[in-house]
Protein chains: 2
Amino acid sequence: MSLSYIHVPTDCRIVTEILSQIGDKWSVQVVVQLGEGPRRFNELRRVVDGISQRMLTLTLRGLERDGLVTRTVYPTIPPRVDYELTGLGCSLLKTVRELGMWAVANRDEILEARRRYDRAEAADSAPVPKPYRAA
Amino acid sequence: MSLSYIHVPTDCRIVTEILSQIGDKWSVQVVVQLGEGPRRFNELRRVVDGISQRMLTLTLRGLERDGLVTRTVYPTIPPRVDYELTGLGCSLLKTVRELGMWAVANRDEILEARRRYDRAEAADSAPVPKPYRAA
DNA sequence: CGGAATCCTATAGGATACTG
DNA sequence: CAGTATCCTATAGGATTCCG
């Protein structure tokens with residue numbers, strides 16, 4: 001509670017670690033969906049779009065392991081399993097939304113930068129990019 | 001400028017895209033280091049710690065491509081190349097720092113959740129976890 | 001329904017050697 | 001100094017099949 005300042009080197013590793021956990025292909029999308037409320041497995045599967053069964057399982061396990069999501073099994077037939085954000089998960093969702101704001105706000109600038117870069121690079125390695133200089 | 005609200009499905013993909021670019025093994029660390037000011041190639045290499053030459057190159061190229069970093073070549077001998085955050089890069093750094101704050105603030109809770117999870121899982125698949133029940 | 005197990009491919013990333 | 005090129009391994013992730 002009395003951290004006067006944050007030690008940068010240690011800091012970076014944790015950020016990187018969190019980011020590589022959350023920065024995988026699916027975690028953010030799952031967390032955002034769970035932000036709407038508890039969801040069942042196949043409910044998530046349908047709404048996340050493109051995720052494989054296997055990856056949904058792995059993603060949820062990872063989130064559960066980090067204490068971001070709870071998994072509740074109802075031993076009925078057929079079985080029912082609910083996933084829900086924990087308090088920790090909710091707080092993460094909030095800061096992820098911040099990053100989301102940044103992403104949408106700067107999306108165009110990034111995409112244009114990419115186009116510029118790719119165009120310049122293509123011009124660089126072009127087979128015969130300079131016309132009117134016949135061999 | 002007049003986005004009344006943000007379209008969630010589109011939103012997610014961009015966030016995920018940004019996160020998987022920035023959420024790789026090195027980008028954040030490089031951006032944080034460049035937050036201190038312009039740096040030369042080998043300067044970054046020394047300070048990032050553990051990064052290979054190849055990955056530093058690739059990371060910097062990616063950041064440059066997205067318009068987050070500029071690359072300035074001084075045609076001297078020996079050559080000198082400076083990397084520096086752009087305005088876009090600085091604004092990203094700010095929001096990444098927010099996430100960093102979250103990470104350090106919740107680090108302990110996450111690590112403990114992991115230990116709990118791993119312990120429970122180990123108990124699950126333990127060879128003979130129940131003592132005092134001799135066969 | 002909610003997975004687990006298996007197989008397969010693509011990509012990330014490390015190590016090393018060479019170059020302008 | 002600041003890379004590029006090549007080779008190699010490990011991991012992510014998709015597709016498919018099987019199970020309680």
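Below, read A as the first sequence line, B as the second, and so on, with proteins coming before strands; counting in each chain starts at 1. It should be emphasised that the depicted structure is a prediction, and the values quoted were computed from it without experimental measurement.
When each of W26(A) and P79(A) is assigned the nucleotide of DNA chain D with its nearest heavy atom, W26(A) is the one assigned upstream, toward the 5' end.
Taking the side chain as every heavy atom from C-beta outward, L56(B) and W26(B) never approach each other to under 4.5 Å. For the pair L85(A) and V69(A), the minimum side-chain heavy-atom distance is below 4.5 Å. Put simply, the side chain of D66(B) reaches to within 4.5 Å of the side chain of R114(A), judged on heavy atoms. Looking at heavy atoms from C-beta onward, L34(A) lies in side-chain contact with V30(A) at the 4.5 angstrom threshold.
Listed pair R40(B) / dC1(D) fails the phosphate criterion, with no side-chain N or O lying under 4.0 Å from OP1 or OP2. Listed pair R45(A) / dG3(C) fails the phosphate criterion, with no side-chain N or O lying under 4.0 Å from OP1 or OP2.
Non-hydrogen atoms lying under 4.0 Å from DNA chain D are contributed by Q53(B), R54(B), T57(B), R61(B), all within residues 53-67 of chain B.
Nucleotide dC1(D) holds its P atom 14 Å from the CG atom of L44(B), rounded to whole Å. Rounding to whole angstrom units, CZ of residue F41(A) and P of dC1(C) are separated by 11 Å. Taking atom CG of residue D24(B) and atom P of nucleotide dA10(D), one finds them 21 Å apart after rounding to whole Å. Per the geometry, CZ belonging to R39(A) stands 17 Å off C1' belonging to dG2(C), to the nearest Å. One can place CZ of R80(A) at 12 Å from P of dG3(C), the figure rounded to the nearest angstrom. Put simply, CD1 on I51(A) is 14 Å from P on dA12(D), counting in whole angstrom units.
When atom types are taken as modelled, the side chain of T57(A) and the backbone of Q53(A) share a donor-acceptor pair closer than 3.5 angstrom. A distance-only check finds a donor-acceptor pair linking the side chain of D24(A) to the backbone of S27(A) [under 3.5 Å].
Out of dG14(C), dG13(D), dA2(D), the shortest distance to the side chain of K25(A) is found at dG13(D). For Y83(B), the side-chain atoms get nearest to dG3(D) when compared with the rest of dG14(D), dG3(D), dC1(D). For P78(A), whose side chain is taken as the heavy atoms from C-beta onward, the closest listed nucleotide among dA2(D), dC1(C), dG3(C) is dC1(C).
Ionic pairing of E98(A) and K94(A) is not present here: no N-O contact between side-chain nitrogen and carboxylate oxygen is shorter than 4.0 angstrom.
As judged by a 4.0 angstrom heavy-atom cut-off over every strand, Y74(A) is placed among residues making no nucleic acid contact.
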